[in-house]
Structures are given as structure tokens and as C-alpha cells.
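As the structure is a prediction and not an experimental result, all values here were calculated from the model.
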Amino acid sequence: MMNNEKVSSLWELSKPGRQAVEIPVSDVPPAQLPEGLVRNEAPALPELSTLDLVRHYTRLSKLNFSIDSHFYPLGSCTMKYNPRINEKTARLEGFTASHPYLPEEELQGSLELMYKLQESLSDIAGFEETSLQPAAGAQGELCGVLMIRKYHESRGDTGRTRFLIPDSAHGTNPASVAMAGYEAVEVPSDSRGNIDLDKLKKLCDSSVAGIMITNPNTMGLFEERILDVLETVHACGALAYGDGANFNAIMGVVRPGELGFDVMHFNLHKTFSTPHGGGGPGAGPVGAAKKLVPFLPGPYAVKNEYESYGLFMPETSIGRMKSFYGNFGVLVRAYSYILSLGRDGLKDATEMAVLNANYLKEKLSDIFPAWYDRPCMHEFVSSGESAPSGINTMDIAKRLIDYGFHPPTVYFPLIVPEALMVEPSETESMEMLDAFSEALHKIATEAKEAPGLLHDAPHKEMVNRLDEVKAVRNPVLLDPWKS
Ligand SMILES: *Cc1c(COP(=O)(O)O)cnc(C)c1O
């Protein structure tokens, strides 16, 4: 349903003869194009002045929520502030103007950055070696599972067909395992939200290739018996993959490699503060323990004699995951973030993220108590189930938009009914957390006294409640105001 405010499309703003670009007069002779390729009429494009065009897109950009404009507690996505220094470094001409086909001698600066980022990540997470190839967390997962597969094959251990996935896992986990040719087998959680160790023991046998664990898990809870879990898995000859998307909760405090994880991906775009969302580029480097290093995707950066840098493809590598050097701009931003915070700063960021989440969890405990009653890490999951009947989590989330907040993640993880998953991140102030809590308290009161306000929310945006299924199935991309 549309609200009154209307944004005209470029077509409606178009006036014949206006133009937003000045194309310089060509000073080279026109090329001779084959007859059939020459256009006889100008293409039908909107015609606008530069200022009209700038205003149009600026206006559109303001209709969106962004971290730069709104609190964005989207659980699991780590929508922290993206420091501008990262943008400055990523735009240095030495990086932006170097062509990926340049010979290694002329790419020394870029290779050095890759090498140092690899070393930093290995150090922060306790791994032997890191490859920067994967383009996203999900691709890192696929990559790590393929490495585990190759490890078993290299030992002639070919009977392992199953991969264990806790029931709180992110949807990409079972998908990655299935893409790598394994059967995903669910491991239930126990009453404290941990992996159920007894059930895990029953599932572990010589048909299991590995387990994929997110720690802290998507409930924002640290696996209290992680050492026993990893020992159980290793005892049956399986390996442990770490989904590192929640590394923001333990960075600088816990090294997953030292806990016993064999391979893990980092979400540079989450933990290491590079802008994400909206399908922009990410990076999901994988760190490997010694026994999996020979299978890392390549090429990755190495330091040669005489302090020069080169590229290396391990002989038994699973191969390439991505063209050229991965999403290079994201790598520059992440390295810039690591250098600007330093060892102590990374730890501080983690501690603040955990503190902020626990503060908010307590502030909301009278209206939306956390599903598991124990201290959380960087995020927590509540339920909209306690709201008056007829009000669901979607209503609460949409009403938050009217109060100027991006909603938390909803209906995930799947093991919590009406889930509301809140991740404030370390970069928010106490005042902002208080304001968010106050808004949710008002919404909880409205839910009792004026439920209609919630059902139709949001009210103040361009569009109010959308039929999201219909929007996905039948997108109207050209001019929604026509219909
Ligand atoms: C974000 C996320 C992923 C997937 O990462 P992408 O970079 O979006 O592919 C996997 N697991 C968890 C727990 C996540 O939060």
C-alpha cells in the first residue's frame, strides 16, 4: 500500500532537450562500425538536468535506512560503524589503479598488504595460515568443507558422507555442506542453548566428515562445552569447521584455532567493519590449522627471500574460489581497521559489543525477555510470543521503523518462535540503546492499547506494510505508483 508522498520516476521528471552530462567534442576520427551495429535513432532515455538528477538520487537515498542515519541492530549481521579511514585507504591510487594482470614485481604493495592481512587474521584467530580467496562467509563455508573433504580423501578415508549442523545454525551452513556433496545432519540444542553433547555423542561415528559450529552460536551464546564438543568430534575422525560470522563477540579474547577448530571463515564485512548489505562485495577468508593448510584455496600471498612478496598455490589446493585476488577493496578496509584499532583496540571492541548486548538484554527483560536466561555475547534472541494475542514479531519490527529504528532480525534462529534477534554492536552509545529500549517499551504498551497501530505499521514511510511474498514473486520495478 502506498502512502501519499510520492517520488516521481526519472521518466516522469524527463523534459525533452535537458541533459545531465556534457560529452566533450570528439577529437578522434569516428570508428567505422559494421552497418548492422549502427544506431539510427537515439535511445529512449530520461532527459534531466544535472541538478534534477542529483536531487532525485539524493532523495531516493534518504528513503533507505543505513548505519550512517539510523540504529541498525540487525542480529547476526554486525552492522557496526564503518570507519571512514578505511574508505580513504581503499581509495589510495596504488591500490585502485593497479591492474590484476600486472606482474608480481609491480604488485608488491598489494601483495604485502595481502600477506600482512593473512598473518594478522591467522594470529587473531590462532590458525597456521589464511587464504583471502573466498568472496563471502557462505563461500568460505563451502571452501572449508571442500578442504575437509579433500583432507579425508587424501588419507583414503572415503566412507564419510555426513556433516553435522546444530539446529540453531544459519541457513547457509546446511546449504554449503550440501553443495560440497554431504548429507547435512541436524544436532539438537540442549535446554541452555548449547549443542546437546549426549545427542552429539550418539551421532558421531565413522560416517561423519565434520561438524560446522558457530561460536558463539546464533542465539548469541558461547558454547559452554566447546572443548568437549570438539574432542567428541575429533575422536571419531571428523574435523571441525568454525562459522566465524560471530567472531565480533570473541575477537582478541578467544582464538578458535586454539580451541581446536580446524578451519574457519572470517566475515571481513561484519567483524572487520567493511560496509555490507544490499548485495555489495564482502570477503570470507579462511584460516586453517596445520593439517588443512595444504588444501587451502589459492593463490595466497607468501613472503619470498629478500623480503619480496609472491603468490602461492599449494600443490593439493582445492583450487581457486574467486578470480584474481578476491574482493581486494574489502581486504584493504579490513587491514586498515585492524591496524587502526591494534591488538588492544580489537579486544576493546569485542568487550564493548558484549557489554552493549547485555545492557540492552537487561533493559528489555521486562517486556521481551531473552529466550535463554543467561548472559549473552554480542547479541541476544528474544521472542515476540509474550506480546498480546494477535500481535506478532513482524508487527513489532515494522512499528520500530516508525520510531526511527531499523528492525532487528526476525524469525531467526528457527528454534525460537517469533524470534527477535538483536545485535547492537560496539559502536552504539548508551543513549542510543536507551532510546531503542524506550521505543520498544512504548510499542509493548501500544500492542495492548492500540494494536491496530502495529498491524498497519510502518505509517511514516513511503510505503506501509508490504506483502513481502508478493513483492518477491511479482516485483514491480519500473513505476510502482502506476498500479
Ligand atoms: C552472515 C552469516 C553467514 C553468511 O555470511 P555471508 O558473508 O553473508 O555469506 C553465515 N553464518 C552466520 C552465522 C552469519 O551471520
K.L.:
Between the side chains of Asn248 and Glu379, does any donor sit under 3.5 Å from an acceptor?
P.N.:
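No, no side-chain donor-acceptor pair sits under 3.5 Å.
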K.L.:
Any side-chain to backbone donor/acceptor pair from Thr58 onto Val54? Under 3.5 Å, distance only.
P.N.:
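Side chain of Thr58 to backbone of Val54: a pair is present.
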K.L.:
Begin with the C-alpha distance, continue with both residues' side-chain angles, and end with the deciding distance and a verdict on side-chain hydrogen bond (donor to acceptor under 3.5 Å, both in side chains) for Arg333 and Asn327.
P.N.:
CA-CA 11 Å; Arg333 289 175 177 89; Asn327 281 332; over 6 Å; no
K.L.:
Judged by atom type as modelled, is there a donor-acceptor pair below 3.5 Å linking the side chain of Thr350 to the main-chain atoms of Met251?
P.N.:
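Yes: the side chain of Thr350 pairs with the backbone of Met251.
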K.L.:
Under 3.5 Å, is there a donor-acceptor pair between the Glu47 and Ser14 side chains?
P.N.:
no
K.L.:
Ignoring hydrogens and angles, state whether a donor on the side chain of Tyr359 or Asp434 is under 3.5 Å from an acceptor on the partner side chain.
P.N.:
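Indeed, the side chains of Tyr359 and Asp434 share at least one donor-acceptor pair under 3.5 Å.
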K.L.:
Mind running side-chain hydrogen bond (donor to acceptor under 3.5 Å, both in side chains) on Asn215 and Glu223 for me, showing each step along the way?
P.N.:
CA-CA 6 Å; Asn215 186 35; Glu223 285 292 343; over 6 Å; no
K.L.:
Below 4.0 angstrom, N of the basic side chain to O of the carboxylate: do Lys303 and Glu112 qualify?
P.N.:
no
K.L.:
Scan side-chain atoms only and decide if Thr78 and Glu423 contain a donor-acceptor pair under the 3.5 Å cut-off.
P.N.:
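A donor-acceptor contact under 3.5 Å links the two side chains.
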K.L.:
Within 45° of the axis and under 6.0 Å from the centre of the six-membered ring of Tyr182, does NZ or CZ of Arg149 qualify?
P.N.:
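Here Arg149 passes the 6.0 Å and 45° test against Tyr182.
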K.L.:
Run the side-chain contact (heavy atoms from CB on, under 4.5 Å) check on Met377 and Leu221 step by step: do they pass?
P.N.:
CA-CA 6 Å; Met377 299 297 289; Leu221 302 175; over 6 Å; no
K.L.:
With ring-ring contact (aromatic ring centres under 6.0 Å, His included) as the test, pick out the partner of Tyr300 among Tyr325, Tyr309, Phe312.
P.N.:
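Answer to the ring-ring contact (aromatic ring centres under 6.0 Å, His included) test with Tyr300 among Tyr325, Tyr309, Phe312: Phe312.
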K.L.:
Under 6.0 Å from the CZ atom of Arg343, do we count more than 12 heavy atoms belonging to anything else shown?
P.N.:
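No, not enclosed.
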K.L.:
Kindly determine whether Phe266 and Phe247 satisfy ring pair (Phe, Tyr, Trp, His ring centres under 6.0 Å), including the steps that lead there.
P.N.:
CA-CA 7 Å; Phe266 303 82; Phe247 196 53; 5.7 Å; yes
K.L.:
Using side-chain heavy atoms (C-beta onward) and a distance below 4.5 Å, is Pro413 in contact with Asn217?
P.N.:
no
K.L.:
Dump the intermediate steps for side-chain contact (heavy atoms from CB on, under 4.5 Å) on Leu113 and Phe95, then the final yes or no.
P.N.:
CA-CA 10 Å; Leu113 180 130; Phe95 296 127; 3.8 Å; yes
K.L.:
Taking the ring of Phe261 and the ring of Tyr241, is the distance between their centroids below 6.0 Å?
P.N.:
no
K.L.:
When you check the side-chain N and O atoms of Asp243 and Asn173, is any donor under 3.5 Å from an acceptor?
P.N.:
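There is such a pair between these side chains.
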K.L.:
Indicate the ring-plane relationship of His99 and Tyr101, choosing parallel, tilted or perpendicular according to the 30° and 60° boundaries.
P.N.:
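The rings of His99 and Tyr101 lie parallel, inter-plane angle below 30°.
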K.L.:
Might you work through the side-chain hydrogen bond (donor to acceptor under 3.5 Å, both in side chains) test for Ser176 and Glu141, ending with a clear yes or no?
P.N.:
CA-CA 6 Å; Ser176 299; Glu141 293 168 22; 2.7 Å; yes
K.L.:
Does the side chain of Leu360 come within less than 4.5 Å of Phe380's, by heavy atoms?
P.N.:
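A side-chain contact under 4.5 Å exists here.
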K.L.:
Indicate yes or no for a side-chain donor-acceptor contact from Ser340 to the backbone of Ser336 under 3.5 Å, with no hydrogens or angles considered.
P.N.:
yes
K.L.:
Looking only at heavy atoms, what is the nearest atom pair of Gly252 and Lys347, with distance?
P.N.:
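Looking at all heavy atoms of both residues, the closest pair is O-CD, 3.5 Å.
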K.L.:
Side chains of Lys80 and Tyr337: donor-acceptor distance under 3.5 Å anywhere?
P.N.:
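Result is yes, a qualifying pair exists.
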K.L.:
Check the side chains of Ser168 and Ser189 for a donor-acceptor pair under 3.5 angstrom, ignoring hydrogens and angles.
P.N.:
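Per modelled atom types, Ser189 and Ser168 side chains form no pair under 3.5 Å.
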K.L.:
Does the side chain of Ser66 pick up a donor-acceptor pair with the side chain of Ser69 at under 3.5 Å?
P.N.:
yes
K.L.:
Taking atom types as modelled, is there a side-chain donor on Ser273 or Asn86 under 3.5 Å from an acceptor on the other?
P.N.:
yes
K.L.:
For Phe65 and Tyr72, what are the C-alpha separation, side-chain angles and deciding distance, and is it a ring pair (Phe, Tyr, Trp, His ring centres under 6.0 Å)?
P.N.:
CA-CA 8 Å; Phe65 274 59; Tyr72 212 121; 7.4 Å; no
K.L.:
We want to know whether Arg155 and Tyr151 form a side-chain donor-acceptor pair, criterion being a heavy-atom distance below 3.5 angstrom.
P.N.:
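Yes.
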K.L.:
Within the distance-only criterion (no hydrogens, no angle test), does the side chain of Gln118 pair as donor or acceptor with the backbone N or O of Ser131 below 3.5 angstrom?
P.N.:
no
K.L.:
Could you measure the distance from the NE2 atom of His265 to the CG atom of Leu121? Nearest 0.5 Å is fine.
P.N.:
12.0 Å
K.L.:
Does CD1 belonging to Ile85 count more than 12 external heavy atoms closer than 6.0 Å?
P.N.:
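Not more than 12 within 6.0 Å, no.
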K.L.:
Run the salt-bridge test on Asp205 and Arg160 with the 4.0 Å N-O cut-off and return the result as yes or no.
P.N.:
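No.
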K.L.:
So does Leu230 get a backbone contact from the side chain of His234, meaning a donor-acceptor N/O pair under 3.5 Å?
P.N.:
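Looks like yes, one N/O pair under 3.5 Å.
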K.L.:
Pair Leu13, Leu53 - check side-chain contact (heavy atoms from CB on, under 4.5 Å), show working.
P.N.:
CA-CA 9 Å; Leu13 295 170; Leu53 195 65; over 6 Å; no
K.L.:
Determine whether Ser122 and Thr130 satisfy the following criterion, side-chain hydrogen bond (donor to acceptor under 3.5 Å, both in side chains), listing intermediate values before the conclusion.
P.N.:
CA-CA 6 Å; Ser122 297; Thr130 296; 2.8 Å; yes
K.L.:
Go through the steps to decide whether Asp68 and Arg84 satisfy the test salt bridge (charged side-chain N to carboxylate O under 4.0 Å, His left out), and finish with yes or no.
P.N.:
CA-CA 11 Å; Asp68 290 347; Arg84 293 305 186 262; 2.5 Å; yes
K.L.:
Below 4.5 Å, heavy atoms only, C-beta onward: do Leu200 and Val233 meet side chain to side chain?
P.N.:
yes
K.L.:
Could you check whether any side-chain N or O of Thr274 sits under 3.5 Å from a backbone N or O of Lys270, counting only pairs where one atom can act as donor and the other as acceptor?
P.N.:
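No, Thr274 side chain to Lys270 backbone: no donor-acceptor pair under 3.5 Å.
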K.L.:
Using only atom types and a distance under 3.5 Å, with no angle test, would you say the side chain of Asn267 pairs donor to acceptor with the backbone of Gly284?
P.N.:
no
K.L.:
Can any side-chain N or O of Gln139 pair as donor or acceptor with the backbone N or O of Met321 at less than 3.5 Å?
P.N.:
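Yes: the side chain of Gln139 pairs with the backbone of Met321.
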K.L.:
Between Thr214 and Asn246, do the side chains contain a donor N or O and an acceptor N or O under 3.5 Å apart?
P.N.:
no
K.L.:
A side-chain contact here means heavy atoms from C-beta on lying under 4.5 Å apart; do Pro408 and Leu74 qualify?
P.N.:
no
K.L.:
So, for Ile148 and Val263, which heavy atoms are closest and what is the spacing to 0.1 Å?
P.N.:
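Shortest heavy-atom contact: CD1-CG1, 4.0 Å.
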